[in-house]
Amino acid sequence: MSTAREAAVDAVTAWKSTGTRINFQETPVGDLFGVNVFSDSVMKDRLPSAIYKAIRETIKLGKPLDPSVADSVAEAMKTWAIEKGATHYTHWFQPMTGLTAEKHDSFLAPTGDGKAVAEFSGGELIRGEPDASSFPSGGIRATFEARGYTAWDPTSPAFILENPNGTTLCIPTAFCSWTGEALDKKTPVLRSMEALSKHALRILKLFGSKAEHVYATCGPEQEYFLIDKNFYFARPDLINAGRTLFGAKPPKGQEMEDHYFGSIPERILACMLETEMELCKLGVPVKTRHNEVAPAQYEIAPIFENANVATDHNMLLMETMKRIADRYGLQLLLHEKPFAGVNGSGKHLNWSMSDDLGNNLLKPGATPHDNAQFLVFLAAVLHAVANYGELLRVSVATAANDHRLGANEAPPAIISVFLGDMLQDIVEQIEKGGAKSTKQGGTMTIGVSVLPPLPKDAGDRNRTSPFAFTGNKFEFRAVGSSQSIGGPNVVMNTIVADSMCNIADKLEAAVKAGKDLNSEIQALLPKLIAESKKVIFNGDGYTEAWHAEAAKRGLPNKKSTTDSLPDLISPKSIALFGKHGVFTEREVHSRYEILLENYKKTIAIEALLTYQIGQRQIVPAALRYQAEVAQSVSNLKGAGVTVPKTQTALLNELTSTIEALQGALDNLSEVSDHHAEGDSLAHAKYSHEKVIPAMTAVRAAGDKLEGLVAADLWPLPTYQEMLFIK
């Protein structure tokens with residue numbers, strides 16, 4: 001009888017495509033973009049001009065929505081959705097699970113005469129009421145306190161989700177408790193974007209700008225793995241934990257650097273094309289696809305968007321990739337480290353700021369005046385990272401991401417900023433008070449003298465930096481692949497808003513006192529840079545020398561989630577979020593509790609899986625092979641043949657390794673059953689300090705047995721099979 005592993009290999013090699021054949025000649029991709037989105041052009045065509053103008057002011061300028069327009073929008077949205085085949089609508093929201101949620105309601109309402117009509121009111125558009133007690137709340141909602149609300153977010157367009165048997169109108173919404181506290185990822189993003197806009201506009205006004213709104217913009221580069229579903233179903237750890245808890249290093253991994261940017265396998269490319277088609281219909285502006293470094297690893301990246309919409313689109317992207325992969329017999333793996341020993345997956349979050357006139361505030365200008373404005377915003381970002389780097393680290397702290405951060409594949413847990421040689425040189429010259437630039441020349445009198453236009457690429461890129469300037473944006477490289485980008489966006493928006501607030505306070509006071517703006521900027525920038533330079537580092541972030549240097553600079557190196565999370569509830573953090581109206585103190589503490597609970601549950605699930613796979617699959621396979629080898633040795637002895645030392649050694653090694661595995665399993669069971677004393681943090685630390693090392697010991701013995709046990713007895717698909725058999 002074949003093992004599940006052998007059956008999986010047979011099924012993979014026999015696979016035949018049943019996916020959709022796409023013909024972009026018949027339907028050009030440009031004709032598909034946004035066809036399932038209640039977009040600006042759709043609203044303009046279907047709404048009365050006054051209603052359209054009102055909702056555009058809400059979307060473009062952040063003005064409050066007049067409830068009187070909701071009925072008109074709802075009627076137009078309903079008619080459009082029904083024309084697209086929709087029978088139901090849902091308030092699509094993002095609870096603190098890190099996933100999306102939806103409750104579908106029918107458009108149909110009985111008329112009392114045996115018939116029904118399609119109804120959808122402004123009230124139904126604006127507000128829904130899911131059960132708030134069944135989602136993570138961190139103590140904000142008790143189990144018996146069920147009421148919660150979803151609130152329409154008009155700044156993120158509604159869309160149609162297609163199904164083989166119909167379609168559903170999805171309305172992006174915020175999610176809050178009956179007491180008005182945020183229970184989701186979206187609400188804090190919107191609050192932080194308002195704070196960022198408010199204080200960026202204060203600075204822009206000083207430079208004479210006519211802008212009325214500033215947006216955080218971002219584009220997340222999404223890394224992921226695709227493996228055959230037959231392998232996935234034969235691995236309980238992948239099904240339940242998203243990563244392999246056992247698996248010996250294959251003979252060939254990524255050592256040859258032959259997968260990165262290589263030719264995309266036909267089956268994978270077909271899946272990518274259909275995924276991109278579906279994303280295109282949803283208005284998700286995907287731009288790039290390629291093979292990533294690890295075998296079976298790939299990347300998809302969009303064009304920049306408003307950070308709120310980009311957050312929604314990234315959630316849609318992950319859901320769509322998973323759905324389409326299934327059509328090709330593939331399983332999408334978004335875990336940050338699904339396979340030990342090869343590169344894990346991140347989500348490089350490119351972040352910038354733009355005003356409503358289309359100007360990127362982090363794009364170096366071509367004139368002294370523009371350069372001065374750019375350098376003020378640049379200094380604001382640097383100062384924000386220097387003051388609140390620990391919150392950037394918290395924003396990417398998860399049990400899954402702990403496997404990446406600090407390894408030679410991802411930025412270290414030390415938060416630093418890469419500027420590139422030229423920009424760093426200019427920053428250093430500014431700190432010195434106007435010396436000549438060694439890179440470009442010219443006197444550094446900001447806004448008055450000859451500051452040369454900075455080239456678009458003012459230096460090399462640095463893949464070891466967690467926060468790198470890349471021409472007109474910053475790339476936050478530490479975000480995990482499975483994460484919502486909502487949390488990192490909230491932190492970046494808020495800390496930069498705070499920094500801009502402090503700068504605006506100083507400059508506004510100086511101007512009000514009749515002082516020259518350029519002179520004040522000239523005096524302020526060196527101070528800001530001097531206070532920020534501890535985080536500026538252009539070198540190799542992986543080296544021990546940098547770790548030592550970072551410690552001298554006073555930069556924290558919090559390698560684990562349990563070390564990092566307490567920074568979220570520090571007085572400094574609570575004051576920051578409260579000052580800018582992003583989180584109340586209660587909301588901050590709720591997120592802290594949710595993150596700790598998630599960490600503990602993740603490790604508990606992985607520990608139980610490790611025990612079950614080791615006890616029920618690996619030990620039996622090893623014992624069977626041990627019996628075969630023992631029988632072979634016994635047969636040789638019985639025949640009067642001298643038993644070779646190699647066979648005796650194999651039997652002894654099998655026996656000792658099985659014993660080590662069983663001992664490690666017993667220890668894992670014991671530490672998993674123990675409950676730490678103290679609060680949530682104490683429990684999480686126990687998981688980190690006791691349970692994870694116990695799991696690691698089990699894995700070490702199990703992986704060693706994979707190299708000893710006969711292939712026809714080994715129960716789990718191997719790395720070599722999962723990563724290379726397409």
Side-chain angles (χ1 to χ4, degrees), residues 96-99 136 138-139 185 188 241-243 245 334-338 340 344-347 349 388-407 409-415 466-467 476-492 541 547 550 555-570 572-574 577 583 588-610 671-672 675-676 678-696:
M96 292 300 295
T97 58
L99 305 172
K185 300 281 188 177
R243 75 179 182 101
L245 300 172
L334 288 171
H335 193 284
E336 283 70 11
K337 193 72 170 177
S345 296
K347 185 163 3 206
L349 182 57
Y388 295 104
E390 69 277 8
L391 287 182
L392 285 173
R393 173 66 183 93
V394 168
S395 76
V396 296
T398 67
N401 215 17
D402 281 356
H403 295 286
R404 289 177 62 244
L405 297 181
E409 60 174 273
I414 304 166
I415 300 298
F467 204 75
F476 189 22
R477 296 176 55 87
V479 183
S481 53
S482 67
Q483 279 189 267
S484 163
I485 61 173
N489 264 321
V490 167
V491 170
M492 285 189 288
H547 286 223
L555 299 179
N557 183 9
K558 300 189 176 181
K559 296 183 179 180
S560 73
T561 293
T562 54
D563 289 339
S564 180
L565 284 182
D567 288 326
L568 182 59
I569 56 170
S570 69
K572 177 182 174 183
S573 171
I574 290 169
F577 289 121
F583 290 125
V588 173
H589 276 276
S590 76
R591 276 150 179 77
Y592 171 74
E593 292 296 335
I594 289 168
L595 290 168
L596 284 174
E597 188 71 13
N598 182 272
Y599 183 88
K600 291 183 295 176
K601 288 178 178 177
T602 298
I603 304 306
I605 290 168
E606 290 185 351
L608 183 56
L609 277 167
T610 300
V671 298
S672 297
H675 297 286
D679 59 9
S680 297
L681 180 61
H683 285 258
K685 283 190 171 183
Y686 178 84
S687 297
H688 174 69
E689 295 167 2
K690 299 295 183 181
V691 180
I692 291 178
M695 290 167 54
T696 302

Which heavy atom of Glu689 sits nearest to which heavy atom of Pro693, and what is that distance? O-CG, 3.2 Å
Side chains of Ser482 and Glu336 only: does a donor on one sit below 3.5 Å from an acceptor on the other? yes
Run the side chain to side chain donor-acceptor pair (under 3.5 Å) test on Ser560 and Asp563 for me, step by step, so that the C-alpha distance in whole Å, both residues' side-chain angles and the decisive distance to 0.1 Å come before the verdict. CA-CA 5 Å; Ser560 73; Asp563 289 339; 3.1 Å; yes
Nearest heavy atoms of Leu596 and Ser680, plus distance in Å: CD1-CB, 3.6 Å
Which heavy atom in Pro412 sits nearest to a heavy atom in Gly541, and how many Å separate them? CG-O, 3.4 Å
Any side-chain heavy atom of Asn598 within less than 4.5 Å of one from Thr398? no
Does the side chain of Tyr686 reach to within under 4.5 Å of the side chain of Ile603, using non-hydrogen atoms? no
Rounded distance (nearest 0.5 Å) linking atom CD1 of Ile485 with atom CE of Met492: 8.0 Å
I need the single residue from Val491, Leu349, Asn489 that forms a side chain to side chain contact (heavy atoms under 4.5 Å, CB included) with Ser395. Which is it? Val491
Is there side-chain contact between Lys185 and Val490, with at least one heavy-atom pair below 4.5 Å? no
Write down the atom of Asn557, the atom of Ala413, and the distance for their closest heavy-atom approach. OD1-CB, 3.7 Å
Within-4.5 Å side-chain heavy-atom neighbours: Arg591 and Pro188: yes
So NZ of Lys558 and CG of Leu405: to nearest 0.5 Å the spacing works out to 14.0 Å
For the CZ atom of Phe476 and the CG atom of Leu392, what is their distance to the nearest 0.5 Å? 4.5 Å
Taking NZ in Lys572 as the centre, count heavy atoms belonging to other residues, nucleotides or ligands within less than 6.0 Å. Is the count above 12? yes
How many angstroms lie between OG in Ser573 and CG in Asp567, if you round to the nearest 0.5 Å? 8.0 Å
Pairwise distance NE2(His547) to CD1(Ile414) - rounded to 0.5 angstrom: 4.0 Å
Please answer whether the main-chain N or O of Lys337 pairs with a side-chain N or O of Arg404 as donor and acceptor at a distance below 3.5 Å. no
Heavy-atom nearest pair, Ser564 first then Val394, reads O-CG2, 3.2 Å
Side-chain (Ser484) to main-chain (Gly98) donor-acceptor, under 3.5 angstrom: no
At what distance, to the nearest 0.5 angstrom, does CG of Asp679 lie from CD of Glu593? 7.5 Å
Are the side chain of Lys600 and the backbone N or O of Ser687 linked by a donor-acceptor pair below 3.5 Å? no
Minimal non-hydrogen separation, Val479 against Val396, with atom names: CA-CG1, 3.5 Å
Measure the shortest side-chain to side-chain distance between Arg243 and Leu245 over non-hydrogen atoms and say whether it is less than 4.5 angstrom. yes
Would you please test Val588 and Leu568 for side chain to side chain contact (heavy atoms under 4.5 Å, CB included) and show each step? CA-CA 7 Å; Val588 173; Leu568 182 59; 4.1 Å; yes
Return yes if some donor-acceptor pair links the side-chain N/O of Asp402 with the main-chain N/O of Thr562 below 3.5 Å, else return no. no
Can you label the angle between the His403 ring and the His335 ring as parallel, tilted or perpendicular, going by 30° and 60°? tilted
Short question: side chain of Tyr599, backbone of Leu681 - any donor-acceptor pair under 3.5 Å? no
Check for a donor-acceptor pair, side chain of Thr610 on one end and backbone N or O of Glu606 on the other, with a separation under 3.5 Å. yes
